[in-house]
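Given the structure is predicted, the values throughout are model-derived calculations rather than measurements. Just so you know, these numbers use all the heavy atoms, side chains as well, and skip hydrogens, waters and symmetry mates. Every chain is numbered from 1 and lettered A, B, ... according to where its sequence line falls, protein lines coming before strand lines.
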Amino acid sequence: MAGTEIVELAKRRGFFFGSNGAYGGTAGFYTFGPQGAALKRNVEDAWRDRFTVAEGNQEIEAPNIMPEAVFEASGHLDGFDDMLVECGECGESHRADHLVEGATSIEDAEALPGSEVELLIRDHGIACPSCGTPLAGQDVEDFNLMFATDIGPGDSQPGYLRPETAQGIFVEFPRLKEYARGRLPFGVTQVGAAYRNEISPRGGLLRLREFTQAELEQFIHPEDDEPPLWKVADVEVLLYPADEQEAEDGDYVETTVGEAVDEGVVGSPWVGYYLGVAQEWYERVGVDMDRFRFRQHLPGERAHYAADCWDAESEVDGDWIEIAGFSYRADYDLSKHGEYGDDAFTVFQRYDEPKTVERATVDPDMATLGPEFGGRAAAVAEALEDLAARDPDAFEADAVSVEVDGETVTVDADVANFSVEEVTENGEHVTPHVVEPSFGVGRTVQTLLAHAYRVDEVDGEERSYLSLEPALAPTDAAVFPLVTNEETLVETARSVANDLREQGLSVAYDDSGSIGRRYRRQDEVGTPFCVTVDRDGLEGDGPDTVTVRERDTAAQVRVPVDGLADALAPLLAGEDSFESFLDAYETVDSGVETQ
RNA sequence: GCACCGUUGGUCCAGUGGUAGGACAUUAGCUUCCCAAGCUAAUAGCCCGGGUUCAAUUCCCGGACGGUGCACCA
């Protein structure tokens, strides 16, 4: 199984491993070793290049801990709760809200308090689905997936570690829109850790309690803004829509982004646009596109905020794993924060031409309403305003009636001070909609390792190597003296390594063991180029040369030391391939066969 | 959270009621002008707690961690 080999390689070579081993380990937490941290950082940088810089977006960095109020508004305090009930007989745990929904006509049992759910379980005689024992009398326990903490000492306020980086962007929207000078559309990105106290972390990097997300929140005008779909219209994608998943003989849909949007397979052009951008990005960073698809969420699968959602999935070790989600979150988040928070989570959109509209208004005489209705006066005034907007004609009568707290209240029309005014509207306050491409960085790293892992034969010996894209590889180049019994070679190799480092390359130096062993070490961590200093390169009339060996083919060319970093730069950036080295330089016949 | 299985050098494994052995890797030296070669030496391990026992890495109980299944899962 490739999976176990990758896990073994990851531990042995320093990509990732379970954290806190000295204390028995902690489930759900992984540490990235030197290779893994470098690879992960390169993934993040590549993501930034594409989703922040190339899209003209802004990146922010918000705190990991946020106060309770944020998550009351976002819905995570309720929506992230699982109601569990444990069977007293067989010990099996079940989702209490799901059981209630199955046995009653209640559709959203999750919104009910636990005590009520306990009563419903008793009254409807709901039994354990596993063993049939009635569950009456069992406690319904809330399990919230958020890590709770206290902010400050003493009478501190409750806080939570963010379950997604997105909220850090949403809560700062009132300020972020200022930085965007109030113009839609604009996008804000964030790369950082998110935390979920998973019931059962599994599968290495796949489900962790602390993980890294790279998220883009694209804020758009709900009607007016169109994505630059033409940029990715021809990008070919493999889609797995919800209806195909539910069909008996469901199949993939091979299409282009443009067609998928035209035909409504992907409902939102914005989601379609980012599927296209993501497809190209994944391909560029080295995901095997034969093991990649976009799968639409089934209706019951969607998060509490998502109107439509597609996942990017990659096949790792025979399983499809979710590596990114593309949600159309509509105005859910901003509306919620607008409702719960103090600031304006809207953008003022100026009309092309100011509009003159007639607006019915009231200016209730509070000196009359106050004595008459006491504490309810304000509510009466508000009801009158609502009525004016809804049904101006009502004010033509001598008296108007409105409902306040379920009671009908009648006031003189005079008191309402009804009038119709002509007002000039220069624009309107719009709550933007949000399109959210959200990437799992660790899962992307895992995918890259799984898809880059190769086994072949070099010179009749089996070798394993990581065929990572040079731009993503943890190390740019390794430098060796061919042999160590000649001081000149060692010294030169050290100085070549230093020179390359000074010019910004990430370089490994190794003079231990045979040359073949050193090549294999680098192959195994995916270093794309090995630079070897040999006697042939230092002797002779011309300038000093070294050999440069390409990882996947083990092919070698002889390259002048002078300007080596510049020569390697386009290859490391992924802008050129080793082919051009083979053309430009003398090849070295090492007599090595790869297959 | 439940069930089953597992946990022995850095990695992968063998083994035992009297504190352990291999392979690979690593380090040092010799050798070596291009692909895990060879020779010599060195470093390094029984997941944690409790129990039974003269003695526990081994048996029992509990826990942690991992794998698989169930459940759950933006």
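A donor-acceptor contact closer than 3.5 angstrom is absent between the side chains of A/Tyr195 and A/Asn197. Using modelled atom types, one finds a donor on one side chain and an acceptor on the other under 3.5 Å when comparing A/Ser438 with A/Glu215. No hydrogens or angles considered: a donor-acceptor pair under 3.5 Å links the side chains of A/Asp552 and A/Ser467. Counted by atom type alone, A/Ser19 and A/Thr26 present zero donor-acceptor pairs between their side chains at under 3.5 Å.
Taking atom CD of residue A/Glu462 and atom P of nucleotide B/rA37, one finds them 15 Å apart after rounding to whole Å. Between the CG atom of A/Asp536 and the C1' atom of B/rU32 there is a distance of 15 Å, rounded to whole Å. In this entry the distance linking CD of A/Glu486 with P of B/rC34 reads 13 Å, nearest Å. Counting to the nearest Å, the C1' atom of B/rC35 and the CG atom of A/Asp552 are 15 Å from each other. Spacing between atom CD1 of A/Ile6 and atom C1' of B/rG67 amounts to 17 Å, rounded to whole angstrom units. A/Leu205 has its CG atom 16 Å from the C1' atom of B/rG67, to the nearest Å. Atom CZ in A/Arg463 sits about 15 Å away from atom P in B/rA37, given to the nearest Å. Spacing between atom CG of A/Asn485 and atom C1' of B/rG38 amounts to 15 Å, rounded to whole angstrom units.
Between the C1' atoms of B/rC54 and B/rU19, the separation comes to 16 Å (whole Å). Using atom P as the reference point in both B/rC47 and B/rA20, the two lie 14 Å apart (nearest Å). Comparing B/rA55 with B/rC12, their C1' atoms are spaced 31 Å from each other, to the whole Å. A distance of about 14 Å separates the P atoms of B/rC48 and B/rA56, rounded to the whole Å. The separation of B/rA71 from B/rU58, taken at their C1' atoms, amounts to 35 Å, rounded to a whole angstrom. Taking the P atom of each, B/rC61 and B/rG22 are spaced 33 Å apart, rounded to whole Å. Comparing the P positions of B/rG49 and B/rC13 gives an interatomic distance of 25 Å, to the nearest angstrom. Separating the C1' atom of B/rU68 from that of B/rC60 is a span of 25 Å, rounded to the nearest Å.
In this structure, B/rC39 forms a base pair with B/rG29, meeting either the Watson-Crick or the G-U wobble geometry with both donor-acceptor distances under 3.5 Å. Pairing for B/rU68 goes to B/rA3, judged as Watson-Crick or G-U wobble with the two contacts each under 3.5 Å. Within the shown strands, B/rG10 is the pairing partner of B/rC24 under the Watson-Crick or G-U definition, both distances less than 3.5 Å. Summarising the base pairing, B/rC46 is matched to no nucleotide, lacking a Watson-Crick or G-U wobble pair whose two defining distances lie under 3.5 Å. Checking B/rU58 for Watson-Crick or G-U wobble geometry (two distances, each under 3.5 Å) identifies no partner in any strand.
Between A/Glu539 and A/Glu322, the one whose closest nucleotide on RNA chain B sits nearer the 5' end is A/Glu539. Looking at which nucleotide of RNA chain B each of A/Gly24 and A/Gly440 is closest to, the 5′-most match is held by A/Gly24.
The side chain of A/Glu461 has B/rA36 as its nearest neighbour among B/rC35, B/rA36, B/rU32. Checked against B/rU31, B/rA36, B/rC34, the side chain of A/Ser514 finds its nearest nucleotide in B/rA36. The side chain of A/Arg207 lies closest to B/rC72, out of B/rC35, B/rC65, B/rC72.
When the side-chain nitrogen and oxygen atoms of A/Thr532 are compared with OP1 and OP2 of B/rC34, none of them lie within a distance under 4.0 Å.
For B/rC34, the base has a donor-acceptor partner in the side chain of A/Tyr519 [N/O atoms by modelled type, under 3.5 angstrom]. You won't find any donor-acceptor pair under 3.5 Å spanning the side chain of A/Arg549 and the base of B/rC34, going by distance alone. Below the 3.5 angstrom threshold, one finds no donor paired with an acceptor across the side chain of A/Glu8 and the base of B/rC12.
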Give every pair of a protein N or O atom and an N or O atom of nucleotides 24-28 of chain B that lie under 3.5 Å apart, one pair per line with the distance.
from, atom 1, to, atom 2, distance (Å)
B/rA25, OP1, A/Arg517, NH1, 3.1
B/rU26, OP1, A/Arg521, NE, 2.4
B/rU26, OP1, A/Arg521, NH2, 2.4
B/rU26, OP2, A/Arg517, NH1, 2.7
B/rU27, OP2, A/Ser512, OG, 3.0

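Atom CD of A/Glu462 sits in a sparse spot, with 12 or fewer heavy atoms from other residues, nucleotides or ligands closer than 6.0 Å.
Rounding to the nearest 0.5 angstrom, the gap separating the OH atom in A/Tyr30 from the CG atom in A/Asn20 is 12.0 Å.
Between A/Lys40 and A/Val445, the closest heavy-atom pair is CA-CG2, 3.8 Å. Closest heavy-atom contact between A/Ala278 and A/Phe326: CB-CZ, 3.4 Å.
Among the heavy atoms of the strands lying under 4.0 Å from A/Gly204 are primed sugar atoms or P, OP1, OP2 only; no base atom is included. Nucleic acid contact for A/Asp523: none, since no nucleic acid atom lies under 4.0 Å from a heavy atom of the residue.
Aromatic ring centres of A/Phe294 and A/Phe292: separated by under 6.0 Å.
Partner of A/Trp310 under the side-chain contact (heavy atoms from CB on, under 4.5 Å) criterion, chosen from A/Arg295, A/Gln296, A/His297: A/Gln296.
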